[in-house]
Colleague: 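Handing you a structure now.
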There are 2 protein chains.
Amino acid sequence: MESSEGLLGFETEGASRVAERIKPRTLKGFRDYLPQAMLAREQLIDTAREVFRRYGFAPIDTPALEYLEILTGKGGEETDKQLYKFQDHGGRWVGLRFDLTVPLARFAAQHFQQLGTPLKRYHIAPVWRGENTQRGRYREFLQCDFDTLGSESLTADIETVLVIHDLLRALGLEEFTIRVNNRRVLNGWLELLGLKDQATAVLRALDKLAKVGPEKVIQEMIQRTGATPHQAQEVLRLAQIQGPTDQVLRQAAELLSCSELGTQGVEELSQLVRAAQVAGVPPQRLCVDLSIARGLDYYTGTVYETFLVPLPQIGSVCSGGRYDNLVELYSPEHLPGVGASLGLDRLLAAMEELGLLPQGATPAQVLLVHFQTQDLEHYLQVASALRAQGVNVDLFPEPKRLEKQLKYADRRGFRFALILGPDELEQGCCQLKDLQQRSSRQFPLDELEQLAQFILQQCSQGVGAPSGKRL
Amino acid sequence: MESSEGLLGFETEGASRVAERIKPRTLKGFRDYLPQAMLAREQLIDTAREVFRRYGFAPIDTPALEYLEILTGKGGEETDKQLYKFQDHGGRWVGLRFDLTVPLARFAAQHFQQLGTPLKRYHIAPVWRGENTQRGRYREFLQCDFDTLGSESLTADIETVLVIHDLLRALGLEEFTIRVNNRRVLNGWLELLGLKDQATAVLRALDKLAKVGPEKVIQEMIQRTGATPHQAQEVLRLAQIQGPTDQVLRQAAELLSCSELGTQGVEELSQLVRAAQVAGVPPQRLCVDLSIARGLDYYTGTVYETFLVPLPQIGSVCSGGRYDNLVELYSPEHLPGVGASLGLDRLLAAMEELGLLPQGATPAQVLLVHFQTQDLEHYLQVASALRAQGVNVDLFPEPKRLEKQLKYADRRGFRFALILGPDELEQGCCQLKDLQQRSSRQFPLDELEQLAQFILQQCSQGVGAPSGKRL
C-alpha cells in the first residue's frame with residue numbers, strides 16, 4: 001500500500017459515497033494479468049533477460065511518455081490515429097510510446113556520446129496503440145527488443161541469430177526455424193530488374209507472400225508499383241528459390257552475379273549461416289529464405305523471422321534486421337545497428353499450447369497448513385527454516401478447516417501441503433502431502449534441511465512441476 | 001527492432017525531413033535508465049521478487065490506463081491536478097494510474113470471486129503523477145507493493161514484517177529498524193481523549209512528528225482539529241513513549257487500560273513483536289514506535305515504517321499497514337488486508353551510498369577481444385562454450401585496435417578480457433586478463449570448463465565484483 005495522499009485519499013469519513021459503487025472494469029483492449037498468467041510472463045521475461053545478458057546485452061529503460069514530436073518524427077501530420085496523445089499539465093503535447101524503436105533512436109542520439117559504441121541493449125517494456133481490437137489485438141502490450149548499435153560488422157548479425165536460437169531453446173522450444181534473408185540480395189535483384197525506385201513498395205508487397213500467396217503479391221506489385229507482369233514474376237523467381245541452404249545460395253549467386261550489391265548480400269548470408277553452425281546452431285534450425293522481406297523500409301542488410309515448426313500459423317515469434325542509421329531524425333551522427341524483437345504474446349500462446357508454461361497460480365511449492373493459532377510460532381519457525389533453504393512457503397493465515405485449506409492449495413496448484421498438526425508437533429515431526437501424486441511422507445522436525453532438499457528436488461523434476469521450476 | 005509500420009514508417013525516401021532534426025530529450029520529471037542504473041534496478045527488483053515469492057506472494061499486473069472514474073473514485077471533483085488524464089480515441093475519459101493501490105482495489109473487486117482468498121499478490125510497475133518536480137520528485141516512478149487480501153488474521157501482519165526484514169537483508173542491508181505501531185492504540189487513545197471525531201486530522205498532524213518536531217505538531221492539532229492544548233499534549237504523551245519494546249508496551253497498556261480498542265492494539269503489537277522474533281528477526285531490527293501514524297486514513301491496525309540506521313535522512317524505505325476494506329468503492333464485498341510498499345528510488349539511492357550496487361554498465365563478466373575476423377569462428381566457439389557454462393561473454397564485434405577494445409572494457413566495467421590472438425590460437429591456449437587485479441593467466445583451449453569455473457568463482461567473491469554478482 002503506497003501513499004496516494006492528496007490524490008484519492010480514501011476518505012472513510014464521507015461514507016455516503018459508498019451508496020453508488022463504481023463498476024470495476026478495464027478499458028477495451030486492456031487486460032489484467034492474474035497470477036497464473038503473470039507467473040508465465042515473468043518466467044518468459046526472466047529467460048529472455050538471462051539470454052540477452054549471456055551475450056553482453058545490458059538493460060535500459062525509457063519513459064512511457066515522450067514529447068509528441070519525438071514520437072511522430074518531424075511534422076504532426078504523420079501522426080497516426082493509433083497514438084495515445086494529449087496535452088500535459090504544462091500544455092506540452094505528449095504521447096505514450098507505441099514501440100521501443102523510436103525511444104531507442106531518441107535514447108541513442110541523446111546518450112551515445114556518453115555510452116560509447118558498440119551499444120548492446122535490451123529493453124522490455126509496455127507500449128500502447130489505440131488499435132482496432134477486433135483482430136484480437138491489445139492496446140497495451142509488452143515489447144521485448146535487443147539491438148547492437150554502432151557496428152557494421154557481420155559479427156553482430158551472427159550473434160543476433162545466436163541469441164534468438166539460445167532464447168527459444170532456453171524456453172523449452174526445440175522445433176523452430178530461423179529464416180534469414182538479406183536486403184542487399186533483394187535490392188540487388190530489384191536493381192537488375194529496373195525496380196530500384198519502387199523498392200519499398202515492391203518489398204511491402206513481397207512481405208505478404210506467405211499470407212496471401214504469389215498471385216496476389218504479383219497483382220499488388222503491378223497495381224501499386226507500376227511493375228510489369230514480367231518484372232513482378234521475376235521478383236518472385238528469386239524469392240521462391242527453395243531447397244537446401246547451399247543450393248539456395250548457389251542459385252541466388254548465379255542470378256545476382258551481375259550485381260555487386262546482390263553478390264555482397266549472398267556472401268553475407270553464406271558467412272552468417274556458416275558461422276552460426278560453427279557456434280552450435282543445427283542446420284535445420286536456420287535457413288535462408290529469399291522471400292523474407294520484412295515490411296519496414298529501414299532494413300538494409302540481414303533480416304530475420306522465426307517460426308515454430310509445430311505452430312506455423314502463429315506467425316513469426318522473433319523478427320528483426322539490420323538498419324543503416326537509427327538516429328538520423330535526432331542526430332547528425334551515423335549509427336547503424338542490428339536487432340530483433342521477441343513476440344511475447346505469441347510466444348506465451350505457443351508455450352501454453354505446447355505445455356511449456358507453469359500451471360499453478362502460486363510461486364510457492366508448499367502450503368503450510370494452519371491448524372490452531374496457538375501453534376503459530378511453530379509454523380513460523382518451520383516456514384523460516386524452509387525458506388532459508390530456498391523453499392517458497394505460503395503459510396495459511398488462519399485456522400480454517402483443513403478441507404478449506406486444501407481446497408485453497410488445490411485451486412492455486414500447490415505441489416505440496418505441509419501438515420504440522422497437534423499430533424505431529426507432539427511427535428516432533430511433520431507430514432508432507434504430495435498433492436499431485438496423492439502420497440504422503442513424514443519428516444522429523446529436526447531434519448528440516450532434508451525436507452527442504454526433498455521438496456526442491458521433487459519440484460525440479462520435469463515440466464509439469466507446478467511453477468516451482470524456475471525458483 | 002519492432003514493427004512500427006503504419007505509425008512512423010521511417011520513410012527513407014523522403015530524405016528532405018532530415019534537414020530539420022528533432023532535439024532528442026525527455027520530458028521534465030521523466031528519466032532514461034542507462035545500463036548501469038538499470039542493472040542496479042533489475043538487481044533490486046529481482047531480489048524483491050525472490051523474497052515475495054519465498055512467502056507465497058504471486059505477481060499480478062494491471063493496465064497503465066484505467067477509466068478515469070476508477071482512478072478518481074466517485075465524482076470527478078476529487079480528481080487532483082497530478083493525475084494524467086485525457087480522452088481516448090473512443091471519447092472515453094481515461095487516466096494513467098498514480099499508484100498501485102487503486103488498481104489493486106479495482107482488480108480485487110473484479111476478480112476475487114474467481115481467485116478466492118487469501119489473495120497474496122505483489123505488483124511492481126510504473127505510476128505517473130504530474131507533480132512539482134522541484135522537490136526532486138519524478139513524474140514517472142516504479143512502485144513495488146505486496147499485500148495479503150481477505151484475511152483479518154494477525155499472521156498476515158506478522159509475515160509482512162518478515163518480508164520487509166528478509167528483503168532488506170537480501171539486498172545486503174544489515175542495519176535497519178522496522179518501526180511498528182497499531183492504529184487501534186492511537187484510536188483507542190483518541191477516544192479516551194475525546195478526539196475520536198477528529199482522528200483523521202489528528203493523525204495527519206502526528207504523522208509529521210519526525211519531520212517538524214512536537215511543537216509544530218501540537219500547533220497543527222490545535223489549529224486544524226480544534227483540540228485543546230491539553231488534548232494535543234496528551235496525544236504526544238502516548239506517541240513519545242520511548243525505550244525498550246517491553247517497556248513501551250507496558251506503559252502503553254497502562255495508559256490504555258480503560259480502552260478496549262487500545263488494549264487490543266497493544267496486545268496485537270505484543271504478539272507481532274514476539275512472533276517476529278521467534279521467526280528470526282533480531283530485536284534491534286524491530287521496534288514499537290507509538291508515534292508512527294501514517295498519513296493515510298484507511299489504515300485500521302498495524303502500521304509499518306522502515307528506516308536505515310546509517311541513512312535516517314532518506315526517510316522510510318518500506319511502509320504500509322492494515323486496512324479494513326479495500327474494495328468498498330467497487331464492490332459490496334468486504335475485503336480487509338495488510339501490505340506494504342517498497343520505496344525503490346530511496347533504496348537505490350541508499351544502496352548506492354552504501355556501496356551495495358553493481359558498479360559496471362555490463363552484465364557480462366568477460367569481454368572477448370576481436371583480433372582478426374578470419375578467426376571469428378574460433379571466437380564464436382570459445383564464446384559459445386563459456387556461455388554454455390553460465391559465463392556472460394561479450395564478443396567485441398570488430399577487429400579494432402586492442403587498446404580501443406580494452407578502453408571499451410574499462411568504460412563498461414568488465415572484470416575480465418579474454419585474449420585469443422593469433423599466437424594464443426597457435427599454442428592452443430587463451431589469456432585471461434583480470435582488469436581489476438591487473439593480472440593475467442593462461443588456460444588451454446581444451447579446458448574451457450575450468451576457465452568458466454575460474455571466472456564465475458572470481459566474480460562471485462564479495463561485493464565489488466562488477467555486476468557479475470547476481471548472474
Side-chain angles (χ1 to χ4, degrees), chain A residues 1-2 4-5 7-8 10 17-18 22 24 26 30 32-33 35 38 42 53-54 56 58-63 69 73-74 80 86 89 98-99 101 106-107 109-110 118 130 140 143 145 151 153 155-156 278-280 295 298 320 328 330 339 341 362-364 377 380 384 387 392 394 397-398, chain B residues 1-2 4-5 7-8 10 17-18 22 24 26 30 32-33 35 38 42 53-54 56 58-63 69 73-74 80 86 89 98-99 101 106-107 109-110 116 118 130 140 143 151 153 155-156 278-280 295 298 320 328 330 339 341 362-364 377 380 384 387 392 394 397-398:
Chain A
M1 296 287 294
E2 160 71 17
S4 49
E5 201 178 357
L7 273 160
L8 177 51
F10 272 91
R17 65 164 185 186
V18 177
I22 299 161
T26 48
F30 290 79
D32 286 328
Y33 281 84
M38 193 64 186
E42 288 200 345
R53 287 168 169 240
R54 196 72 86 218
I60 68 162
D61 200 10
T62 65
E69 66 161 7
K74 208 190 47 136
D80 194 277
F86 59 97
H89 308 96
F98 56 83
D99 73 1
T101 302
R106 195 267 308 146
F107 177 98
Q110 198 170 330
E140 176 181 64
Q143 285 201 336
D145 290 11
S151 172
S153 163
T155 306
V278 164
Y298 56 83
E328 63 171 345
Y330 313 105
S341 180
T362 173
E377 295 189 355
L380 289 170
S384 179
R387 286 169 183 152
N392 297 348
D394 189 358
E398 286 155 305
Chain B
M1 297 287 295
E2 159 71 17
S4 50
E5 203 178 355
L7 274 159
L8 177 51
F10 272 91
R17 63 161 188 190
V18 177
I22 299 160
T26 49
F30 289 78
D32 286 328
Y33 281 84
M38 192 64 186
E42 288 201 343
R53 286 167 169 240
R54 195 73 85 218
I60 68 161
D61 200 10
T62 65
E69 67 161 6
K74 206 189 49 132
D80 194 276
F86 59 97
H89 308 97
F98 56 84
D99 73 0
T101 303
R106 195 267 308 147
F107 177 98
Q110 196 170 330
E140 176 181 64
Q143 284 201 338
S151 173
S153 163
T155 306
V278 164
Y298 56 83
E328 63 170 345
Y330 313 105
S341 181
T362 173
E377 296 189 355
L380 288 170
S384 176
R387 286 169 183 153
N392 296 349
D394 188 357
E398 286 155 306

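Residue numbers start from 1 in every chain, and the chains themselves are labelled A, B, ... in the order their sequence lines are given, proteins ahead of strands. In this text, all values refer to a predicted model and were calculated from it rather than measured experimentally.
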Colleague: Using a cut-off of under 4.5 Å for heavy-atom pairs, which of A:Ala109, A:Ala58, A:Pro59 has the most such pairs with chain B?
Modeller: A:Pro59
Colleague: Looking at chain A, which one of B:Val278, B:Asp32, B:Thr62 has the largest number of heavy-atom pairs inside 4.5 Å, strictly under?
Modeller: B:Asp32
Colleague: Drop me the distance from A:Ile22's CD1 to B:Glu328's CD, to the nearest 0.5 angstrom.
Modeller: 11.0 Å
Colleague: Show the nearest heavy-atom pair for residues A:Ser153 and B:Glu398, with the distance to one decimal.
Modeller: CB-CG, 3.3 Å
Colleague: Report the option among A:Gly56, A:Gly280, A:Pro118, A:Ala279 that has the most heavy-atom pairs separated by less than 4.5 Å from atoms of chain B.
Modeller: A:Pro118
Colleague: So which part of A:Glu140 gets closer than 4.5 Å to some heavy atom of chain B, the side chain, the backbone, both or neither?
Modeller: side chain
Colleague: For B:Tyr33, what residues pass the ring pair (Phe, Tyr, Trp, His ring centres under 6.0 Å) criterion, not counting sequence neighbours?
Modeller: none
Colleague: Can you tell me how far the CZ atom of B:Arg53 sits from the CG atom of A:Asn392, to the nearest 0.5 Å?
Modeller: 8.0 Å
Colleague: Specify the closest pair of heavy atoms between A:Tyr330 and B:Pro24, including all atoms of both residues, with the distance to one decimal.
Modeller: O-CD, 3.4 Å
Colleague: Mind checking side chain to side chain contact (heavy atoms under 4.5 Å, CB included) for A:Ser384 and listing every partner two or more places apart, or none if nothing turns up?
Modeller: none
Colleague: Highest number of heavy-atom pairs under 4.5 Å with chain A: which of B:Ser151, B:Pro397, B:Gly130?
Modeller: B:Pro397
